[in-house]
Colleague: 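Here's a structure for you.
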Amino acid sequence: MDRTIVLITGCSSGIGLHLALRLASDPSRSFKVYATLRDLTAQGPLWEMARARGCPPGSLETLQLDVRDADSVAAARARVTEGRVDVLVCNAGRGLLGPLELHPAGAVASVLDANVAGTVRTIQAFLPDMKRRRSGRILVTGSMGGLMGLPFNAIYCASKFAIEGLCESLAVLLQPFGVHVSLIECGPVHTAFQEKLEGGPGGALDGADADTRDLFSRYLRHCEQMYREAAQDPEAVTEVGARRGSGSGRGTRVPAPSPGQRASCRRRRSSSPRCAPRGRPCATSAPSASCPWSSCASPTPAAAATSPPCTARCSPTSPPRTPTAPGPRPETEKPGSPELGARPAAPQ
């Protein structure tokens, strides 16, 4: 049988690197992976880990691809020797942290270009062939920051909200063409993402007022705690991507799993979302105007008094929506599929 041809953007580290290795080293040897990087001088760790994992010869190849450059995307597509891509993984992206009023215009443009326009450019390059062949899968690395606004992440969240709309629109349109779209919604993940933020991990604070500085300091401490206690391993996220890349699972939105986490409130198109206990209760027992999230369990008075904010505990739900145009709506995972969920405490 022909191998499944996979092209992944953003493979210098993190989710992209681990997904490339996971598929290239799959015991079935059914994948040929093109791991793309904006800068090929950063491919050393990828090849070192590939040797350590025993990736078979011919299962992994690196290509230069900068999602911000349409010519670079086209050149990478032309170098796929098989002449087709069966699974496209749009993973490359940038973050931007700090008060909105202090972001330089160039930094804002760079993040939106990489996260939104870059994803569009990449899909535009490979989608026509998928539609022509009536076959293909598109996986996009999303974020819980595309489901809820996170303090000091306004531009990053804006880009991920845009990706939500992009994928939902494509998922409906591409069904008749046999092309399936999956959006993998990650929580905080142990990667180098925080070190690669536009402008640095500390954000821009020059000129910020004292209250904003204090709030930013508190937010950073909260993020550090959440990364210590609840961050996901890249391997857990890549298992979700591997299942989707192999054609397993249904639904467009796919929350990625946290360590040791079982069923959680899932974002569903239903007026009665399903919610299971997580072991530690939320500070609220029901959605409200101040905390629009489902509770994970009914808290005791003592637990309610000492619990962190609800947004650190629950996955979001959404009210029913009326589609703006007729047609099938993307479905969520069906009961019985692997239990998924993520805490929306910090972006990835």
Side-chain angles (χ1 to χ4, degrees), residues 10 13-16 18 91 93-103 107-108 110-111 114-115 141-161 163-164 184-206 208-237 255-261 264-265 278-284 290-293 296 306-316 341-348:
S13 63
I15 295 171
H18 285 87
N91 171 73
R94 300 286 292 178
L96 182 61
L97 186 65
L100 176 67
E101 65 272 21
L102 300 180
H103 291 327
V108 172
S110 177
V111 170
N115 294 5
T141 300
S143 170
M144 297 306 286
L147 302 178
M148 61 177 291
L150 302 172
F152 299 107
N153 283 274
I155 301 303
Y156 176 81
C157 288
S159 72
K160 293 302 182 179
F161 267 77
I163 292 300
E164 291 275 331
I184 302 175
E185 294 166 330
C186 306
V189 183
H190 288 299
T191 69
F193 183 82
Q194 294 296 313
E195 286 72 42
K196 295 183 178 181
L197 292 168
E198 196 78 26
L205 283 180
D206 292 341
D209 59 87
D211 289 341
T212 300
R213 286 176 177 271
D214 178 63
L215 288 170
F216 187 65
S217 176
R218 291 164 59 187
Y219 176 74
L220 289 181
R221 290 197 299 270
H222 170 71
C223 288
E224 290 172 359
Q225 177 185 356
M226 292 307 300
Y227 270 91
R228 287 194 307 268
E229 297 180 358
Q232 303 160 278
D233 292 325
E235 290 81 2
V237 180
S258 293
Q261 190 176 1
S264 66
C265 309
R278 272 196 195 158
R280 292 190 295 174
C282 295
T284 59
S290 61
C291 184
W293 309 94
C296 297
T306 58
S307 281
C310 184
T311 52
R313 294 292 178 85
C314 296
S315 297
R343 295 180 183 179
Q348 174 62 35

Colleague: Give the ring-plane orientation class for F216 versus F152, where under 30° counts as parallel, over 60° as perpendicular and anything between as tilted.
Modeller: perpendicular

Colleague: Answer with yes or no whether the side chains of S217 and R221 bring together a donor and an acceptor at under 3.5 Å.
Modeller: yes

Colleague: So how far is it from I184 CD1 to N91 CG, rounded to the nearest 0.5 Å?
Modeller: 9.0 Å

Colleague: Kindly compute the distance separating CG (L220) from NE2 (H222), expressed to the nearest 0.5 Å.
Modeller: 11.0 Å

Colleague: In chain order, what residues pass the ring-ring contact (aromatic ring centres under 6.0 Å, His included) check against F161, with sequence neighbours excluded?
Modeller: none

Colleague: What distance do E101 atom CD and D209 atom CG have between them, rounded to the nearest 0.5 Å?
Modeller: 7.0 Å

Colleague: Does the pair L96 and N153 meet the rule for a side-chain contact (heavy atoms from CB on, under 4.5 Å), with working shown?
Modeller: CA-CA 6 Å; L96 182 61; N153 283 274; over 6 Å; no

Colleague: Only counting residues at least two apart or in another chain, list the ones meeting salt bridge (charged side-chain N to carboxylate O under 4.0 Å, His left out) with R218.
Modeller: D214

Colleague: Heavy atoms only: give me the nearest H103-V108 pair and the separation to one decimal.
Modeller: CB-CG2, 3.7 Å

Colleague: If I take atom CG from residue L150 and atom OH from residue Y219, how far apart are they, to the nearest 0.5 angstrom?
Modeller: 5.0 Å

Colleague: Let me confirm one number: the CG-OG distance from N115 to S110, rounded to the nearest 0.5 Å.
Modeller: 8.5 Å

Colleague: Quick check against the 3.5 Å criterion: does K160 have a side-chain atom that pairs as donor or acceptor with the backbone of T141?
Modeller: yes

Colleague: So which atom in A114 and which in R94 form the shortest heavy-atom distance, rounded to 0.1 Å?
Modeller: CB-CG, 3.9 Å

